[in-house]
K.L.:
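Here's a structure for you.
Throughout, a chain's letter reflects where its sequence line sits, starting with A, and its residues are numbered from 1.
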Amino acid sequence: MSVIKGIKGVKDLLPEETPRWRLIEEAARRWAGRYGFHEIRIPIFEVTTLFARSIGASTDIVEKEMYTFQDRDGTSLTLRPEGTAGTVRAYIEHNRTAIPVPQKYFYFGPMFRHERPQAGRLRQFHQFGVESLGMADAQADVEVMALLWRILSDLDLPGLTLEINNLGYTADRDTYRPQLVSYLKQYESGLCANCRHRIEFNPLRVLDCKVPECRAITERAPRLSDSLSEAARSYFTRVLSGLDVVKIPYSLNHRLVRGLDYYNLTTFEVTATNLGAQNAVGAGGRYDGLVETLGGPSTPAVGFALGLERMSLLLPESAVRKAPEYVTIYVAGFGGHGAVVGFTALEELRLGGFQAVSDFRSVTLKAHLRQADRLKCRFTLIIGDEEVAKGSAVLRDMETKAQYDVSLSTVNLQIHSLLPGS
RNA sequence: GUGGGUGUAGCUCAGCUGGUUAGAGCGCCGGAUUGUGGAUCCGGAGGUCGCGGGUUCGAAACCCGUCAUCCACCCCA
């Protein structure tokens, strides 16, 4: 019989790893709550056009990375490659605009992108994301970046820097783009094949190409910051001074251009020095046009997403708290009667609120105690045929090796009184 | 989609320029201790040597293909 294996780039999280994930999720949840964000749970798949329209039809994500399939009636559906589109869709669909206060959402969940797996890159990966809808104010940008930074600082992830850039308004980019294009065309032959292609479709992306030759050329290219309108400049100034006020460290990166089309004004990215090639831990920005693009009322918005796998990669082992020390009771029931009585005692303990376990394979006391030791149980309740005959059991403290006789009829009560701290 | 590395026991790996019954450590089960754990000693179970073809008297080893996986490009969180 052939063994069925998991899908390429799709990972199982085994019990050894889930504690560190919980740590990360709890930190994100805790800080999101403090900043007034509320959880939203949106579907894992949507109509394909939602992503094509929001992310941008000519982006790599939409062009070649989506898991798209046909529903039985022929409509094209796709597994969400990110969370903003679905959140905004839900926001519009449920008329959340009608709710007066600014809407601030957060979400957790798997995202899907058909890419070649690599360190820190999977086909099913997980994001924590935040969307702040309704506020066209620099303080909303700062708030979101502060939240991002607070979560990462809380987890003590090493080697992080927050990079930030100003993409300006659409009109600003429209005046800048021709300048950049004409400059790039002068040096077209020196650019990599990819960037030569980008001159036509997405010239701004040439700015964050990593090929050294391209970088040398773009180093002296006209800068977007020089084409920005006064409004965009002063907005960005307010963002930066806001970051100073709340003491969030950042570094300006004029090359920072996001891979999704819907961003404007503030864009930011947190990169790690210790992550290999996939060094972006989280990223986001302002996307004032998106709600309208998706058919809603004009609504300013900012958000970000964090990659949970990458955070997990960075989280030092020492940060993962040991699982809380439960008082675990191992029940060693053995012998013809002991096994039966032990099984009922095991259930009684659980009903009484204890964490209790046993190993039903073990037929000797020795084997039972070895299991109790391996499972790091604090106590073992020994019930053999002798104990059954006497109507009692032996409670062994695995650390001190002290043993107590307890009556089978009142095991729970007696254990309670014997436990440390009672 | 394109490169490169790696696939031998549950895990980590050894196996010299091809040589016959494929090994170690850890883990697992049992015994020494016929009802008392962790240490020690002894024993045991567990392997299509990723898969398919080829070369050879002989292949885990060499060749070809294929699959998986990791890393990088690319892209991004």
Side-chain angles (χ1 to χ4, degrees), chain A residues 1-3 5-9 11 14 16 55 59-66 80-84 108-130 148 152 192-195 197-198 202 205 208-211 256-260 268-272 275-285 303-314 330 332-335 338 359 361-388 393-399 401-403:
Chain A
M1 194 61 104
S2 66
V3 178
K5 301 183 70 181
I7 298 166
K8 183 201 283 282
K11 270 201 179 173
L14 301 175
E16 289 76 17
I55 299 169
T59 57
D60 280 23
I61 294 177
V62 173
E63 268 186 346
K64 46 193 178 190
E65 293 174 0
M66 296 205 303
R80 63 181 186 195
E82 53 98 53
T84 300
F108 281 100
M111 306 295 165
F112 306 85
R113 258 121 100 159
H114 187 104
E115 298 185 274
R116 196 69 174 268
Q118 187 182 331
R121 190 171 78 185
L122 295 172
R123 289 185 174 180
Q124 175 176 337
F125 61 103
H126 297 78
Q127 288 188 338
F128 165 77
V130 138
L148 169 63
L152 299 173
C192 70
N194 225 319
C195 286
H197 179 76
R198 280 173 180 147
N202 206 340
R205 297 298 305 283
D208 69 352
C209 182
K210 287 179 212 150
V211 177
L256 187 64
V257 176
R258 314 271 45 253
L260 293 77
F268 53 91
E269 182 168 310
V270 174
T271 56
L275 263 186
Q278 307 301 313
N279 65 349
V281 178
F304 70 75
L306 279 164
L308 300 188
E309 278 81 3
R310 292 177 187 181
M311 291 172 77
S312 171
L313 246 30
L314 288 171
Y330 185 93
F334 58 104
D359 178 351
R361 299 170 309 169
S362 302
V363 291
T364 62
L365 179 56
K366 183 192 188 69
H368 269 129
L369 285 169
R370 189 165 46 234
Q371 283 302 324
D373 186 56
R374 187 164 17 217
L375 295 168
K376 298 186 167 50
C377 296
R378 181 65 209 283
F379 293 94
T380 298
L381 187 66
I382 300 171
I383 306 177
D385 289 347
E386 283 177 26
E387 284 74 19
V388 175
V394 174
L395 183 71
R396 177 179 175 84
D397 183 323
M398 298 300 280
E399 281 173 26
K401 300 185 181 185
Q403 300 200 158

K.L.:
Rounded off to whole Å, could you give me the NE2-to-P distance for the A:H368 and B:rG30 pair?
P.N.:
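Interatomic distance, NE2 of A:H368 to P of B:rG30: 11 Å.
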K.L.:
Considering only the P atoms, how many Å lie between B:rG44 and B:rC49, rounded to the nearest integer?
P.N.:
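My reading of the P atoms in B:rG44 and B:rC49 gives 23 Å.
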K.L.:
Output the single nucleotide from B:rG37, B:rC73, B:rG35 whose closest atom is nearest the side chain of A:Q278.
P.N.:
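The listed nucleotide nearest to A:Q278's side chain is B:rC73.
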K.L.:
Base, sugar-phosphate, or nothing: which does A:E269 touch, judged by heavy atoms less than 4.0 Å apart?
P.N.:
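Result for A:E269 = nothing.
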K.L.:
Nearest to the A:Q403 side chain among B:rC74, B:rU36, B:rG37, which nucleotide is it?
P.N.:
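Nearest to the side chain of A:Q403 among the choices is B:rU36.
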K.L.:
Just to be sure I follow the notation: if a pair is Watson-Crick (purine N1 to pyrimidine N3 plus N6-O4 or O6-N4) or a G-U wobble (N1-O2 and O6-N3), each under 3.5 Å, what dot-bracket string does RNA chain B give, with | for pairs to another strand?
P.N.:
(((((((..((((.....[...)))).(((((.......))))).....(((((..]....))))))))))))....
K.L.:
In terms of relative ring orientation, are A:F334 and A:H368 parallel, tilted or perpendicular, with 30° and 60° separating the classes?
P.N.:
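A:F334 and A:H368: tilted rings.
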K.L.:
Record whether the side chain of A:E115 comes under 3.5 Å of the base of B:rG1 through a donor-acceptor pair of N or O atoms.
P.N.:
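Checked by distance alone, the answer is no.
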K.L.:
Do any N or O atoms of the protein come closer than 3.5 Å to N or O atoms of nucleotides 10-12 of chain B, and which pairs are they?
P.N.:
none

K.L.:
Roughly, in whole Å, what's the span from CG in A:D373 to C1' in B:rC28?
P.N.:
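In whole Å, B:rC28 C1' lies 15 Å from A:D373 CG.
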K.L.:
In whole Å, measure the gap between the P atoms of B:rC74 and B:rU69 for me.
P.N.:
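One P to the other, the span is 23 Å.
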K.L.:
List the protein contact pattern of nucleotides 66-71 of chain B with one symbol per nucleotide (5' to 3'): B for base contact, S for sugar-phosphate-only contact, - for none; contact means a heavy-atom distance under 4.0 Å.
P.N.:
--SS-S
K.L.:
Give a yes/no on whether any side-chain N or O of A:K366 is located under 4.0 angstrom from OP1 or OP2 of B:rG37.
P.N.:
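True: A:K366 side-chain N/O within range (under 4.0 Å) of B:rG37 OP1/OP2.
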K.L.:
Looking at every strand, decide which applies to A:R370 at a 4.0 Å heavy-atom threshold: base, sugar-phosphate, or nothing.
P.N.:
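The answer is sugar-phosphate, as A:R370 gets under 4.0 Å only of primed atoms, P, OP1 or OP2.
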K.L.:
When rounded to the nearest Å, what value does the distance between P atoms of B:rG43 and B:rA24 take?
P.N.:
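My reading of the P atoms in B:rG43 and B:rA24 gives 12 Å.
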K.L.:
Between B:rU34 atom P and A:E386 atom CD, what is the distance in whole Å?
P.N.:
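Atom-to-atom, A:E386 to B:rU34, this comes out as 14 Å.
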K.L.:
When rounded to the nearest 0.5 angstrom, what is the spacing between CG in A:L369 and OG1 in A:T364?
P.N.:
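Separation between the atoms: 8.5 Å.
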K.L.:
Select one nucleotide: of B:rC74, B:rU36, B:rC28, the one nearest the side-chain heavy atoms of A:R121.
P.N.:
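For the A:R121 side chain, the nearest candidate turns out to be B:rC74.
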K.L.:
Would A:F334 pass as stacked on B:rG35, i.e. its ring centre under 5.5 Å from the base's six-membered ring centre and planes under 30° apart?
P.N.:
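Taking the rule of under 5.5 Å and under 30°, the ring of A:F334 does not stack on B:rG35.
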K.L.:
May I ask you to say what A:E387 touches in the nucleic acid, namely base, sugar-phosphate or nothing, with a heavy-atom cut-off under 4.0 Å?
P.N.:
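Base contact.
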